[in-house]
Number of protein chains: 2
Amino acid sequence: MTVPIGRRERKKAATRKKIADTALRLFLERGYEAVGIRDVAAEADVAVTTLFSHFAAKEALVFERDDDFERCLTRAVTGRAPHEPLVPALHREVQSLVRHCTADSALPVRRLIDGSPALREYEESMRLRHAESLAAAIAGDPGLSKGTTANRTIARFVIDAYSLAREASDPDAALDEIFRMIEAAWAVARTPADTTGTAGP
Amino acid sequence: MTVPIGRRERKKAATRKKIADTALRLFLERGYEAVGIRDVAAEADVAVTTLFSHFAAKEALVFERDDDFERCLTRAVTGRAPHEPLVPALHREVQSLVRHCTADSALPVRRLIDGSPALREYEESMRLRHAESLAAAIAGDPGLSKGTTANRTIARFVIDAYSLAREASDPDAALDEIFRMIEAAWAVARTPADTTGTAGP
DNA sequence: TCCAAAAACATAACCGTTAGTGTTACGATC
DNA sequence: GATCGTAACACTAACGGTTATGTTTTTGGA
């Protein structure tokens, strides 16, 4: 009843993990492009079709923990203290995410990704999906209603902040600056009913 | 001296055009994924290798005129009137680009792109490159020096504006709103020397 | 115990892309 | 105008990611 995880799901998870671990190890050892899907499958002792039943593409083998990213972001919106303003909450969360991925322990994987165009491209297209769900989370917050365009725009800007800060020489400083810009942008985003220009009576 | 285009270059351009035209026609007729590279090559009466010597990838067959996009953007920066502020110039240019691609004549191609994940992904990764060269153009302007981070950030925001406005139900209105946000963001971006916070004397 | 669903499997193919290896047509040079 | 280097093109064959097809094994529950 509680969490009756049966043998079946446990085995499935184990297989998935074994594939991911094996793949990452091989990629780090020999380089991403130098390792074929068939190599990974053989080393993990599974069939190629099994591998693809767990992972949608070769690139996905590297981004195992990536729904985490999405969850962290949306939770920063939906789970923040009542009346806490949106942008600072996102700032904190993105800061934590950037620090997490610029940490020394994550360096080998980062180098792996940066070294392969295919992986970089894949990552960017993931970010777009993340931006969409972030926009949805913002849209779902009754406290702040600024209109669809404003929500989606801010969501994109936040994702940009993550990706730009990561590449900067001083990620923390860059992130501060970008979020100052985002704060200003959010401040002037208009509410749905406000269809007038900038003029007042 | 002037533009001595020889037969060779003319033939090359003709081959390229024939391939692109054939590809687009087939894609529109049967759908992008339903047409293989070998189909295009056969119909254009060239070898597969020839096709790939003109186009880096299958997706590139659809985005023939895409350096235009990049050129328009950078020219909007480098070629604007002296002392004309940056953001409005970019606004005008992006507006023109959005209108161009939401025009009725471009609709079939847009549907083609939106209908294929591969094409959407390819387009987005192009946009990233465009953002980089836009950032470079901004960085190259002696009139405005706000620092690398600010430049790259604004460049990304502008690209976002294009991509978000295109998908909006009212592209013009959405673009106006987004550029109001960008204007605000640009206004608070700090100059390279300015390492202080928000405080004044 | 037996059944239906789920998971893993094996094989073979499809498709984009590239390497290797010529062959032709052009433009420049003498 | 004959020669020569080279850019463009062609053909074959392969490589690597991905998918279709159909089969066998494992598992949870009736």
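Within every chain, numbering begins at 1; the chains are lettered A, B, ... in the order of the sequence lines, protein sequences first and strands thereafter. Keep in mind that this is a model prediction, so the values were computed, not measured.
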Atom-pair distance (CD1 on B:I37; C1' on D:dT12), nearest Å: 18 Å

A:K18 NZ - C:dA8 P separation (whole Å): 12 Å

Mind checking A:D45 for me? I need base, sugar-phosphate or nothing, with any heavy atom below 4.0 Å counting as a touch. sugar-phosphate

Under 4.0 Å between any heavy atoms, over every strand shown, what does A:V46 touch: base, sugar-phosphate, or nothing? Just pick one. sugar-phosphate

Nearest to the B:R38 side chain among C:dT17, C:dA25, C:dG27, which nucleotide is it? C:dT17

Rounded to whole Å, how long is the line connecting atom CD of B:E121 with atom C1' of C:dG16? 15 Å

NZ or CZ of A:K58 within 45° of A:Y122 ring axis and under 6.0 Å: no

Interatomic distance, A:E9 CD vs D:dG29 C1' [rounded to whole Å]: 14 Å

A:D39 CG to D:dG17 C1', straight-line distance once rounded to whole Å: 12 Å

Presence of B:T49 side-chain N/O under 4.0 Å of D:dC9 phosphate oxygens OP1/OP2: no

On DNA chain D, more 5' by nearest nucleotide between B:T15 and B:V48 is B:T15

Picking from C:dG27, D:dT26, D:dT18, which would you name as closest to the side chain of A:F52? D:dT18

Under 6.0 Å from the CZ atom of A:R110, do we count more than 12 heavy atoms belonging to anything else shown? yes

From A:E59 atom CD to A:S125 atom OG, the distance as rounded to the nearest 0.5 Å: 8.5 Å

B:R7 CZ to C:dA25 C1', straight-line distance once rounded to whole Å: 9 Å

Under 4.0 Å: is that the gap between some side-chain N or O of B:K58 and OP1 or OP2 of C:dC15? no

Winner on side-chain proximity to A:R8, out of D:dT26, C:dC26, D:dT18, is D:dT26

Check whether any side-chain nitrogen or oxygen of B:H54 sits under 4.0 Å from OP1 or OP2 of D:dA8, and answer yes or no. no

Take atom CD of B:E33 and atom C1' of C:dG16, then tell me their distance rounded to the nearest Å. 13 Å

For a quick check of understanding: with a heavy-atom distance under 4.0 Å over all strands, which category does A:V35 fall into, base, sugar-phosphate or nothing? sugar-phosphate

Figure out the CZ/C1' separation between A:R10 and D:dG28, and round it to whole Å. 13 Å

Please lay out, stage by stage, how A:F63 and A:F69 fare under the test ring pair (Phe, Tyr, Trp, His ring centres under 6.0 Å). CA-CA 10 Å; A:F63 297 100; A:F69 186 92; over 10 Å; no

Anything under 3.5 Å between a donor and an acceptor, one on a side chain of residues 41-55 of chain A, the other on a protein residue two or more places apart or in another chain? List them.
| residue | atom | partner | partner atom | Å |
| --- | --- | --- | --- | --- |
| A:E43 | OE2 | A:R25 | NH2 | 3.1 |
| A:S53 | OG | A:T50 | O | 2.7 |

